[in-house]
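Computed from heavy atoms alone, side chains included, the values below leave out hydrogens, waters and symmetry copies. Chain letters run A, B, ... following the sequence lines, proteins first and then strands; every chain starts at 1.
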2 protein chains.
Amino acid sequence: MKATHQRIVIFKALADSTLHPTIDWLFERVKESYPSISLATVYKTMETFVEHGVVKRVKCEDGKNRFDANMEPHNHMYCESTGRIFDFKDMDLQTLVEEYLSSKQLENFEVSEVQLQINGRVLDPDKPVQYKI
Amino acid sequence: MKATHQRIVIFKALADSTLHPTIDWLFERVKESYPSISLATVYKTMETFVEHGVVKRVKCEDGKNRFDANMEPHNHMYCESTGRIFDFKDMDLQTLVEEYLSSKQLENFEVSEVQLQINGRVLDPDKPVQYKI
DNA sequence: GTGACTGCAAACGGTTTGCACCTCA
DNA sequence: TGAGGTGCAAACCGTTTGCAGTCAC
(Lines give C-alpha, C1' and ligand atoms only; values in the text may rest on other atoms or scores of the structure.)
Protein backbone atom coordinates (compact mmCIF):
# COMPACT_ATOMS: atom_id res chain seq x y z
CA MET A 1 0.00 0.00 0.00
CA LYS A 2 1.62 3.24 -1.16
CA ALA A 3 1.80 6.03 1.38
CA THR A 4 0.30 8.81 -0.69
CA HIS A 5 -0.42 12.25 0.69
CA GLN A 6 -4.18 11.69 0.29
CA ARG A 7 -4.14 8.40 2.16
CA ILE A 8 -2.24 9.88 5.04
CA VAL A 9 -4.66 12.79 5.40
CA ILE A 10 -7.67 10.46 5.24
CA PHE A 11 -6.13 8.15 7.79
CA LYS A 12 -5.57 11.03 10.19
CA ALA A 13 -9.16 12.20 9.82
CA LEU A 14 -10.30 8.68 10.57
CA ALA A 15 -8.12 8.27 13.63
CA ASP A 16 -9.45 11.53 15.04
CA SER A 17 -13.06 10.48 15.04
CA THR A 18 -14.61 7.93 17.32
CA LEU A 19 -18.08 8.27 15.90
CA HIS A 20 -17.80 6.00 12.86
CA PRO A 21 -17.67 8.59 10.12
CA THR A 22 -19.44 8.41 6.79
CA ILE A 23 -17.67 8.98 3.50
CA ASP A 24 -19.00 12.50 3.13
CA TRP A 25 -18.02 13.43 6.68
CA LEU A 26 -14.48 12.27 5.89
CA PHE A 27 -14.55 14.07 2.55
CA GLU A 28 -15.58 17.39 4.14
CA ARG A 29 -13.03 16.94 6.89
CA VAL A 30 -10.16 16.06 4.58
CA LYS A 31 -10.93 18.94 2.23
CA GLU A 32 -9.96 21.34 5.01
CA SER A 33 -6.33 20.32 4.82
CA TYR A 34 -6.34 19.01 1.26
CA PRO A 35 -8.89 21.01 -0.76
CA SER A 36 -8.17 19.39 -4.11
CA ILE A 37 -9.02 15.86 -2.97
CA SER A 38 -11.79 14.15 -4.88
CA LEU A 39 -14.73 12.25 -3.47
CA ALA A 40 -13.82 9.22 -5.58
CA THR A 41 -10.42 9.11 -3.95
CA VAL A 42 -12.01 8.96 -0.52
CA TYR A 43 -14.21 6.08 -1.68
CA LYS A 44 -11.31 4.21 -3.25
CA THR A 45 -9.05 4.81 -0.28
CA MET A 46 -11.60 3.55 2.21
CA GLU A 47 -12.05 0.49 0.04
CA THR A 48 -8.32 -0.26 0.20
CA PHE A 49 -8.28 0.42 3.92
CA VAL A 50 -11.02 -2.16 4.37
CA GLU A 51 -9.17 -4.69 2.20
CA HIS A 52 -5.97 -4.18 4.18
CA GLY A 53 -7.71 -4.50 7.54
CA VAL A 54 -7.09 -0.92 8.58
CA VAL A 55 -10.77 -0.26 9.21
CA LYS A 56 -14.03 -2.16 9.25
CA ARG A 57 -17.06 -1.22 7.21
CA VAL A 58 -20.19 -0.77 9.27
CA LYS A 59 -23.48 -1.01 7.43
CA CYS A 60 -26.02 1.35 8.81
CA GLU A 61 -29.79 1.62 8.87
CA ASP A 62 -29.59 4.93 7.03
CA GLY A 63 -28.06 3.18 4.02
CA LYS A 64 -24.73 4.99 4.16
CA ASN A 65 -21.45 3.28 4.77
CA ARG A 66 -19.71 4.09 7.99
CA PHE A 67 -16.23 3.08 9.06
CA ASP A 68 -14.82 1.82 12.28
CA ALA A 69 -11.17 2.37 13.06
CA ASN A 70 -11.51 0.29 16.20
CA MET A 71 -10.35 -3.16 15.09
CA GLU A 72 -10.68 -4.79 18.50
CA PRO A 73 -13.75 -6.95 19.00
CA HIS A 74 -16.54 -4.78 20.37
CA ASN A 75 -20.23 -4.08 20.03
CA HIS A 76 -22.30 -1.11 18.97
CA MET A 77 -25.04 1.08 20.28
CA TYR A 78 -26.93 2.61 17.39
CA CYS A 79 -28.90 5.83 17.78
CA GLU A 80 -32.02 5.62 15.67
CA SER A 81 -32.58 9.36 15.58
CA THR A 82 -29.10 10.61 14.71
CA GLY A 83 -27.60 7.54 13.02
CA ARG A 84 -24.58 7.81 15.31
CA ILE A 85 -22.81 4.69 16.52
CA PHE A 86 -21.16 4.25 19.91
CA ASP A 87 -18.75 1.49 20.78
CA PHE A 88 -18.95 -0.59 23.87
CA LYS A 89 -16.85 -3.51 24.92
CA ASP A 90 -18.10 -6.15 27.27
CA MET A 91 -16.17 -9.36 26.96
CA ASP A 92 -18.36 -11.07 29.57
CA LEU A 93 -21.39 -10.52 27.41
CA GLN A 94 -19.56 -11.61 24.28
CA THR A 95 -18.36 -14.78 25.95
CA LEU A 96 -21.76 -15.47 27.45
CA VAL A 97 -23.40 -15.38 24.03
CA GLU A 98 -20.66 -17.25 22.20
CA GLU A 99 -20.58 -20.02 24.75
CA TYR A 100 -24.32 -20.33 24.67
CA LEU A 101 -24.28 -20.55 20.89
CA SER A 102 -21.47 -23.08 20.76
CA SER A 103 -23.71 -25.48 22.66
CA LYS A 104 -26.27 -25.27 19.85
CA GLN A 105 -26.15 -27.15 16.62
CA LEU A 106 -26.23 -25.09 13.47
CA GLU A 107 -26.92 -27.22 10.45
CA ASN A 108 -25.66 -26.18 7.03
CA PHE A 109 -24.33 -22.84 8.26
CA GLU A 110 -20.77 -21.77 9.01
CA VAL A 111 -20.61 -18.94 11.55
CA SER A 112 -18.11 -16.18 11.01
CA GLU A 113 -19.30 -13.64 13.54
CA VAL A 114 -21.94 -13.06 16.17
CA GLN A 115 -23.09 -9.48 16.15
CA LEU A 116 -24.83 -7.89 19.08
CA GLN A 117 -26.20 -4.40 18.71
CA ILE A 118 -28.22 -2.23 21.05
CA ASN A 119 -30.62 0.02 19.17
CA GLY A 120 -32.29 3.02 20.73
CA ARG A 121 -31.83 6.72 21.12
CA VAL A 122 -29.42 9.12 22.68
CA LEU A 123 -31.28 11.20 25.27
CA ASP A 124 -29.08 14.28 25.39
CA PRO A 125 -26.88 14.67 22.30
CA ASP A 126 -24.51 16.95 24.20
CA LYS A 127 -23.76 14.47 26.94
CA PRO A 128 -21.66 11.34 26.49
CA VAL A 129 -23.22 7.90 26.12
CA GLN A 130 -21.85 5.34 28.52
CA TYR A 131 -22.11 1.62 29.00
CA LYS A 132 -21.02 0.69 32.50
CA ILE A 133 -19.54 -2.73 32.92
CA MET B 1 -55.71 1.20 5.11
CA LYS B 2 -57.69 0.63 1.91
CA ALA B 3 -57.80 -2.90 0.59
CA THR B 4 -56.76 -2.27 -2.99
CA HIS B 5 -56.15 -5.04 -5.47
CA GLN B 6 -52.44 -4.17 -5.63
CA ARG B 7 -51.99 -4.31 -1.87
CA ILE B 8 -53.69 -7.66 -1.64
CA VAL B 9 -51.49 -9.16 -4.33
CA ILE B 10 -48.35 -7.76 -2.73
CA PHE B 11 -49.40 -9.04 0.66
CA LYS B 12 -49.92 -12.53 -0.72
CA ALA B 13 -46.50 -12.52 -2.37
CA LEU B 14 -45.02 -11.50 0.96
CA ALA B 15 -46.80 -14.14 2.97
CA ASP B 16 -45.56 -16.81 0.56
CA SER B 17 -41.91 -16.11 1.09
CA THR B 18 -39.90 -16.86 4.18
CA LEU B 19 -36.67 -15.54 2.81
CA HIS B 20 -37.12 -11.85 3.47
CA PRO B 21 -37.76 -10.63 -0.05
CA THR B 22 -36.35 -7.49 -1.61
CA ILE B 23 -38.51 -4.94 -3.40
CA ASP B 24 -37.51 -6.17 -6.83
CA TRP B 25 -38.19 -9.81 -5.93
CA LEU B 26 -41.68 -8.77 -4.84
CA PHE B 27 -42.11 -6.64 -7.97
CA GLU B 28 -41.20 -9.52 -10.30
CA ARG B 29 -43.37 -11.89 -8.33
CA VAL B 30 -46.40 -9.61 -8.27
CA LYS B 31 -46.14 -8.80 -11.97
CA GLU B 32 -46.97 -12.44 -12.72
CA SER B 33 -50.52 -12.01 -11.46
CA TYR B 34 -50.77 -8.26 -11.92
CA PRO B 35 -48.64 -7.26 -14.92
CA SER B 36 -49.59 -3.58 -14.92
CA ILE B 37 -48.34 -2.89 -11.40
CA SER B 38 -45.67 -0.25 -11.08
CA LEU B 39 -42.45 -0.45 -9.10
CA ALA B 40 -43.32 2.77 -7.29
CA THR B 41 -46.52 1.17 -6.02
CA VAL B 42 -44.55 -1.69 -4.53
CA TYR B 43 -42.27 0.79 -2.79
CA LYS B 44 -45.16 2.87 -1.50
CA THR B 45 -47.13 -0.18 -0.40
CA MET B 46 -44.24 -1.64 1.54
CA GLU B 47 -43.76 1.72 3.19
CA THR B 48 -47.41 1.72 4.37
CA PHE B 49 -47.09 -1.90 5.48
CA VAL B 50 -44.11 -0.94 7.62
CA GLU B 51 -45.99 2.05 9.08
CA HIS B 52 -48.99 -0.13 9.91
CA GLY B 53 -46.88 -2.83 11.51
CA VAL B 54 -47.67 -5.46 8.89
CA VAL B 55 -44.00 -6.11 8.17
CA LYS B 56 -40.62 -5.07 9.48
CA ARG B 57 -37.91 -3.53 7.37
CA VAL B 58 -34.62 -5.39 7.54
CA LYS B 59 -31.53 -3.46 6.55
CA CYS B 60 -29.04 -5.60 4.76
CA GLU B 61 -25.34 -5.53 4.11
CA ASP B 62 -25.99 -5.45 0.37
CA GLY B 63 -27.71 -2.09 0.73
CA LYS B 64 -31.12 -3.26 -0.43
CA ASN B 65 -34.19 -3.20 1.75
CA ARG B 66 -35.62 -6.53 2.71
CA PHE B 67 -38.87 -7.20 4.51
CA ASP B 68 -39.84 -9.55 7.25
CA ALA B 69 -43.43 -10.70 7.53
CA ASN B 70 -42.59 -12.49 10.76
CA MET B 71 -43.60 -9.99 13.44
CA GLU B 72 -42.81 -12.21 16.40
CA PRO B 73 -39.56 -11.46 18.20
CA HIS B 74 -36.80 -13.51 16.59
CA ASN B 75 -33.24 -13.31 15.39
CA HIS B 76 -31.50 -13.63 12.07
CA MET B 77 -28.80 -15.66 10.44
CA TYR B 78 -27.33 -13.70 7.56
CA CYS B 79 -25.55 -15.43 4.69
CA GLU B 80 -22.66 -13.28 3.56
CA SER B 81 -22.39 -14.92 0.16
CA THR B 82 -26.02 -14.94 -0.97
CA GLY B 83 -27.48 -12.11 1.12
CA ARG B 84 -30.24 -14.45 2.27
CA ILE B 85 -31.65 -14.16 5.77
CA PHE B 86 -32.89 -17.04 7.90
CA ASP B 87 -35.02 -16.66 10.98
CA PHE B 88 -34.35 -18.41 14.21
CA LYS B 89 -36.11 -18.08 17.50
CA ASP B 90 -34.45 -18.86 20.78
CA MET B 91 -36.20 -17.22 23.69
CA ASP B 92 -33.64 -18.59 26.13
CA LEU B 93 -30.90 -16.74 24.34
CA GLN B 94 -32.97 -13.59 24.06
CA THR B 95 -33.79 -13.67 27.77
CA LEU B 96 -30.19 -14.45 28.69
CA VAL B 97 -28.94 -11.37 26.86
CA GLU B 98 -31.73 -9.06 27.96
CA GLU B 99 -31.36 -10.03 31.59
CA TYR B 100 -27.64 -9.57 31.43
CA LEU B 101 -28.07 -6.14 29.88
CA SER B 102 -30.72 -5.02 32.35
CA SER B 103 -28.13 -5.40 35.11
CA LYS B 104 -25.91 -2.88 33.35
CA GLN B 105 -26.26 0.85 33.53
CA LEU B 106 -26.65 2.65 30.26
CA GLU B 107 -26.18 6.36 30.65
CA ASN B 108 -27.88 8.81 28.32
CA PHE B 109 -29.27 6.08 26.08
CA GLU B 110 -32.79 4.67 25.86
CA VAL B 111 -32.83 1.09 24.55
CA SER B 112 -35.57 0.11 22.11
CA GLU B 113 -34.25 -3.24 20.94
CA VAL B 114 -31.37 -5.65 21.34
CA GLN B 115 -30.46 -7.21 18.06
CA LEU B 116 -28.52 -10.43 17.81
CA GLN B 117 -27.44 -11.63 14.42
CA ILE B 118 -25.33 -14.59 13.37
CA ASN B 119 -23.30 -13.86 10.26
CA GLY B 120 -21.70 -16.52 8.15
CA ARG B 121 -22.30 -18.64 5.13
CA VAL B 122 -24.74 -21.27 4.00
CA LEU B 123 -22.77 -24.41 3.16
CA ASP B 124 -25.14 -26.10 0.73
CA PRO B 125 -27.67 -23.71 -0.80
CA ASP B 126 -29.97 -26.60 -1.66
CA LYS B 127 -30.27 -27.88 1.88
CA PRO B 128 -32.16 -26.15 4.64
CA VAL B 129 -30.45 -24.12 7.34
CA GLN B 130 -31.39 -25.11 10.85
CA TYR B 131 -30.82 -23.78 14.31
CA LYS B 132 -31.48 -26.49 16.88
CA ILE B 133 -32.68 -25.36 20.26
C1' DG C 1 10.54 3.98 -15.43
C1' DT C 2 6.40 1.77 -14.29
C1' DG C 3 2.66 0.17 -11.83
C1' DA C 4 -0.29 1.95 -8.69
C1' DC C 5 -2.98 6.04 -7.37
C1' DT C 6 -5.69 10.36 -8.28
C1' DG C 7 -9.29 13.39 -10.09
C1' DC C 8 -12.90 14.18 -13.06
C1' DA C 9 -17.22 13.29 -14.98
C1' DA C 10 -20.33 10.18 -16.41
C1' DA C 11 -22.94 6.09 -15.21
C1' DC C 12 -25.22 3.12 -11.94
C1' DG C 13 -28.75 1.09 -8.90
C1' DG C 14 -31.94 1.45 -5.38
C1' DT C 15 -35.22 4.60 -3.77
C1' DT C 16 -38.25 8.78 -3.67
C1' DT C 17 -41.17 12.28 -5.55
C1' DG C 18 -44.60 15.14 -8.15
C1' DC C 19 -48.51 14.93 -10.44
C1' DA C 20 -52.59 13.59 -13.23
C1' DC C 21 -55.67 9.95 -13.10
C1' DC C 22 -58.29 6.46 -10.85
C1' DT C 23 -60.76 3.75 -7.12
C1' DC C 24 -62.28 2.08 -2.78
C1' DA C 25 -65.30 3.15 1.09
C1' DT D 1 -68.09 12.19 -3.82
C1' DG D 2 -63.83 12.68 -1.68
C1' DA D 3 -59.66 11.02 0.52
C1' DG D 4 -56.26 8.48 -0.64
C1' DG D 5 -53.97 4.98 -3.87
C1' DT D 6 -51.80 4.16 -8.48
C1' DG D 7 -48.64 4.62 -12.47
C1' DC D 8 -45.39 7.04 -14.91
C1' DA D 9 -41.24 9.53 -15.52
C1' DA D 10 -38.03 12.36 -13.71
C1' DA D 11 -35.18 13.34 -9.85
C1' DC D 12 -32.29 11.83 -6.00
C1' DC D 13 -28.38 10.20 -3.57
C1' DG D 14 -24.76 7.22 -2.30
C1' DT D 15 -21.60 4.71 -4.75
C1' DT D 16 -18.81 2.86 -8.73
C1' DT D 17 -16.34 3.13 -13.00
C1' DG D 18 -13.38 4.40 -17.07
C1' DC D 19 -9.78 6.86 -18.28
C1' DA D 20 -6.06 10.28 -18.87
C1' DG D 21 -2.70 12.28 -16.15
C1' DT D 22 0.33 11.94 -11.97
C1' DC D 23 3.17 10.14 -8.33
C1' DA D 24 5.55 6.94 -5.06
C1' DC D 25 8.84 3.59 -5.07
Side-chain angles (χ1 to χ4, degrees), chain A residues 1-14 17 19-68 78 82-85, chain B residues 1-14 17 19-68 78 82-85:
Chain A
M1 193 162 41
K2 284 188 188 171
T4 66
H5 191 179
Q6 290 89 330
R7 286 182 178 174
I8 292 166
V9 179
I10 293 173
F11 182 77
K12 280 186 187 161
L14 246 180
S17 79
L19 288 172
H20 310 81
T22 57
I23 291 279
D24 42 297
W25 187 93
L26 284 167
F27 181 51
E28 291 307 321
R29 193 78 208 291
V30 165
K31 266 199 294 191
E32 289 164 16
S33 54
Y34 199 119
S36 66
I37 200 161
S38 105
L39 182 57
T41 300
V42 182
Y43 273 100
K44 287 169 185 167
T45 301
M46 292 315 292
E47 193 57 43
T48 20
F49 280 0
V50 169
E51 281 161 13
H52 286 74
V54 177
V55 295
K56 273 194 289 197
R57 194 192 305 277
V58 185
K59 283 281 171 171
C60 236
E61 318 290 310
D62 62 12
K64 297 187 195 171
N65 280 326
R66 287 172 178 267
F67 296 90
D68 194 340
Y78 174 74
T82 62
R84 287 198 289 171
I85 296 172
Chain B
M1 193 160 42
K2 284 189 189 172
T4 66
H5 191 180
Q6 290 89 331
R7 285 182 178 174
I8 292 165
V9 180
I10 293 173
F11 183 77
K12 280 185 186 159
L14 245 180
S17 78
L19 288 172
H20 310 82
T22 57
I23 292 278
D24 43 297
W25 187 93
L26 285 167
F27 180 52
E28 291 307 321
R29 195 77 207 293
V30 165
K31 266 200 293 191
E32 288 165 17
S33 53
Y34 199 119
S36 65
I37 201 162
S38 104
L39 181 58
T41 300
V42 183
Y43 273 102
K44 288 169 184 168
T45 301
M46 294 313 293
E47 192 59 41
T48 20
F49 281 0
V50 170
E51 281 161 13
H52 285 73
V54 177
V55 295
K56 272 194 291 197
R57 196 193 303 278
V58 185
K59 283 281 169 171
C60 234
E61 319 290 310
D62 62 12
K64 296 187 196 171
N65 280 326
R66 288 171 178 268
F67 296 91
D68 193 340
Y78 174 74
T82 62
R84 287 199 288 172
I85 295 173

Which part of the nucleic acid, if any, lies within contact of [X], taking any heavy atom under 4.0 Å across all strands shown: a base, the sugar-phosphate backbone alone, or nothing?
X: A:Ser36; result: sugar-phosphate
X: B:Phe27; result: nothing
X: A:Thr41; result: base
X: B:Lys2; result: base
X: A:Ile37; result: sugar-phosphate

Whole angstrom is fine here: how far is it from [atom1] in [X] over to [atom2] in [N]?
X: A:Leu39; N: C:dT6; atom1: CG; atom2: C1'; answer: 13 Å
X: A:Met46; N: C:dT6; atom1: CE; atom2: P; answer: 13 Å
X: A:Lys64; N: C:dG14; atom1: NZ; atom2: C1'; answer: 16 Å
X: B:His5; N: C:dA25; atom1: NE2; atom2: C1'; answer: 18 Å
X: B:Arg57; N: C:dT16; atom1: CZ; atom2: P; answer: 7 Å
X: B:Asp62; N: C:dT15; atom1: CG; atom2: P; answer: 9 Å
X: A:His52; N: C:dC5; atom1: NE2; atom2: P; answer: 8 Å
X: A:Glu47; N: C:dG7; atom1: CD; atom2: C1'; answer: 18 Å

Query raised in the report: So does A:Lys31 reach the base of C:dG7 with its side chain, donor to acceptor, closer than 3.5 Å?
Result: no
Query raised in the report: On DNA chain C, nearest-nucleotide positions of B:Lys44 versus B:Met1: which is more 5'?
Result: B:Lys44
Query - Closest-nucleotide ordering on DNA chain C, the 5'-leading residue of B:Thr4 and A:Arg7 - result: A:Arg7
Report summary line: Given the options B:Lys64, B:Lys59, B:Arg66, B:Asp62 meets salt bridge (charged side-chain N to carboxylate O under 4.0 Å, His left out) only with B:Arg66
Query raised in the report: Just by distance, do the side chain of B:Arg7 and the backbone of B:Lys2 share a donor-acceptor pair under 3.5 Å?
Result: yes
Within this structure, what is the [atom1]-[atom2] distance for the pair [X] and [Y], rounded to the nearest 0.5 Å?
X: A:Leu26; Y: A:Asn65; atom1: CG; atom2: CG; value: 11.0 Å
X: A:Phe67; Y: A:Met46; atom1: CZ; atom2: CE; value: 4.5 Å
X: B:Lys44; Y: B:Leu39; atom1: NZ; atom2: CG; value: 10.5 Å

Report summary line: Min and max contacting nt of DNA chain D in 5' to 3' order, chain A heavy atoms within under 4.0 angstrom, are D:dG14 to D:dC25
Query raised in the report: Considering residues, nucleotides and ligands other than B:Tyr34, do more than 12 of their heavy atoms fall under 6.0 Å from its OH?
Result: yes
Query raised in the report: Does NZ belonging to B:Lys12 count more than 12 external heavy atoms closer than 6.0 Å?
Result: no
Query - Member of A:Ile10, A:Ile37, A:Leu14 meeting the side-chain contact (heavy atoms from CB on, under 4.5 Å) criterion with A:Thr45 - result: A:Ile10
Query raised in the report: Considering only C:dT6, C:dG18, C:dT16, which nucleotide approaches the side chain of B:Tyr43 most closely?
Result: C:dT16
Requested in this report: May I ask you to evaluate whether B:Asn65 reaches the phosphate of C:dG14, defined as a side-chain N or O under 4.0 Å from OP1 or OP2?
Outcome: no
